[in-house]
Amino acid sequence: MTYRCLLQMVLLLCFSTTALSRNYSLLRFQQRRSVAVCQKLLRQLPSTPQHCLEVRMDFQVPEEMRQAQQFRKEDAVLVIYEMLQQIFSILTRDFSSTGWSETVIEDLLVELQGQMDHLGPIQKEIKEKKNFTTGDMTVPHLKKYYFNLVQYLKSMEYNSCAWTVVRVQILMNFSFLKRLTVYLQD
């Protein structure tokens, strides 16, 4: 068991679901640290070969990701959780043509799962109480965007250039996720 996994388990045991859901400052710290780890792991994967630039396309990035927008903390949680789920789902697909390190991808998946584990109870509580405003409108835009990424990978038969393009998109997603953590305040 890695030190990071052990630390995550200790944090989960130390803070009950209710206490964690009320402590957005701790959540903000955890998410910022985890986003930085994910960005570092993604940067360890091989970078974009010049010829792959020819196969880029417009994935219809949601406006919320392009423009700085004000989010309530509850909406930020919903958006972050959805993005993490979608990124996790994409990274569990066939990346064998990329030459990417399976260890790096596994570490990335563990980190993503840890983030979702921290956010899951809070996200569930927010949905149950219907305590959100814009998050529910942003989620369908995100789903369409990630659907486009998956369709692109499929149409390109999961080749290394397609994965390279998607990797760049995911890196951009983590920049947005980092901006969203600003809204996770008590």
Side-chain angles (χ1 to χ4, degrees), residues 1-9 11 27-62 64-66 68 76-77 79-120 123 138-139 141-182 184:
M1 180 175 291
T2 67
Y3 175 74
R4 182 175 48 229
C5 290
L6 185 58
L7 179 61
Q8 287 176 343
M9 287 175 48
L11 284 171
L27 182 64
R28 179 182 180 196
F29 171 77
Q30 291 166 336
Q31 291 301 306
R32 287 184 74 81
R33 183 207 54 79
S34 190
V35 164
V37 169
C38 289
Q39 287 174 313
K40 181 180 177 186
L41 288 167
L42 279 168
R43 287 186 185 109
Q44 290 177 19
L45 301 173
S47 62
T48 309
Q50 217 37 40
H51 71 278
C52 290
L53 297 176
E54 299 167 6
V55 296
R56 289 181 300 176
M57 68 172 278
D58 178 13
F59 295 105
Q60 300 174 353
V61 175
E64 298 88 341
M65 289 174 70
R66 282 190 239 164
V77 167
V79 171
I80 292 169
Y81 189 81
E82 181 65 32
M83 290 179 71
L84 295 174
Q85 279 188 313
Q86 295 289 338
I87 292 168
F88 186 93
S89 174
I90 287 171
L91 291 174
T92 58
R93 296 176 184 274
D94 179 16
F95 61 88
S96 61
S97 68
T98 63
W100 290 352
S101 164
E102 286 188 34
T103 303
V104 170
I105 297 297
E106 286 172 13
D107 289 348
L108 187 55
L109 292 172
V110 165
E111 194 66 39
L112 289 168
Q113 187 62 57
Q115 288 183 62
M116 289 186 294
D117 290 347
H118 285 110
L119 286 168
Q123 180 257 3
T138 301
V139 167
H141 301 156
L142 289 170
K143 286 184 177 185
K144 182 176 185 204
Y145 165 72
Y146 289 108
F147 176 79
N148 290 341
L149 288 176
V150 170
Q151 290 307 111
Y152 173 75
L153 283 170
K154 285 180 182 176
S155 72
M156 299 291 288
E157 298 177 350
Y158 298 95
N159 71 32
S160 62
C161 277
W163 273 110
T164 297
V165 169
V166 169
R167 176 187 161 269
V168 169
Q169 288 291 309
I170 292 173
L171 266 169
M172 180 189 71
N173 285 209
F174 278 106
S175 294
F176 179 63
L177 285 165
K178 188 175 183 176
R179 288 193 315 251
L180 278 174
T181 61
V182 169
L184 301 178

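Counting from 1, the numbers follow the sequence of the chain as shown. Please read these numbers as outputs of a predicted model, since none were measured by experiment.
Rounding to the nearest 0.5 Å gives a distance of 12.0 Å between CD of Glu82 and CG of Leu119. For the atom pair CG (Leu42) and CG (Leu91), the distance works out to 7.0 Å, reported to the nearest 0.5 Å. The CE atom of Met156 sits 6.5 Å away from atom SG of Cys161, with the distance rounded to the nearest 0.5 Å. Put simply, OG1 on Thr164 and CH2 on Trp100 are 6.5 Å apart, with the number rounded to the nearest 0.5 Å. Between Ile87 atom CD1 and Ile170 atom CD1 the span is 6.0 Å, to the nearest 0.5 Å. Considering OG1 of Thr92 and CG of Leu108, their distance stands at 11.0 Å, rounded to 0.5 Å.
Closest non-hydrogen pair, Tyr81 versus Met116, comes out as CE1-O, 3.5 Å. Pairing each heavy atom of Phe174 with each of Val35, the nearest pair is O-CG1, 3.5 Å. Between Gln31 and Leu84 the shortest heavy-atom distance is OE1-CD1, 4.0 Å. Nearest heavy-atom pair, Phe176 versus Glu64, reported as atom, atom and distance to 0.1 Å: CE1-O, 3.2 Å. Taking all atoms of both residues into account, the shortest heavy-atom contact from Asn173 to Tyr145 is ND2-OH, 3.0 Å. Of all the heavy atoms in Ala76 and Leu180, the pair that sits closest is CB-O, 4.0 Å.
Between Gln113 and Asp117, the side chains place a donor N or O and an acceptor N or O closer than 3.5 Å (distance only, hydrogens not considered). Defined by atom type and a distance below 3.5 Å, a donor-acceptor pair is present between the side-chain atoms of Ser34 and Gln115. Looking at Gln85 and Tyr146, their side chains never bring a donor and an acceptor atom within 3.5 Å of each other.
Of the possible donor and acceptor atoms, none in the side chain of Thr181 sits under 3.5 Å from a partner among the backbone N and O of Arg32. Looking at Arg179, its side chain does come within 3.5 Å of a backbone N or O of Met65 through a donor-acceptor pair. A side-chain donor-acceptor contact under 3.5 Å links Trp163 to the backbone of Asp94.
Between Asp107 and the options Val110, Thr103, Ile105, Val104, a side-chain contact (heavy atoms from CB on, under 4.5 Å) holds for only Thr103.
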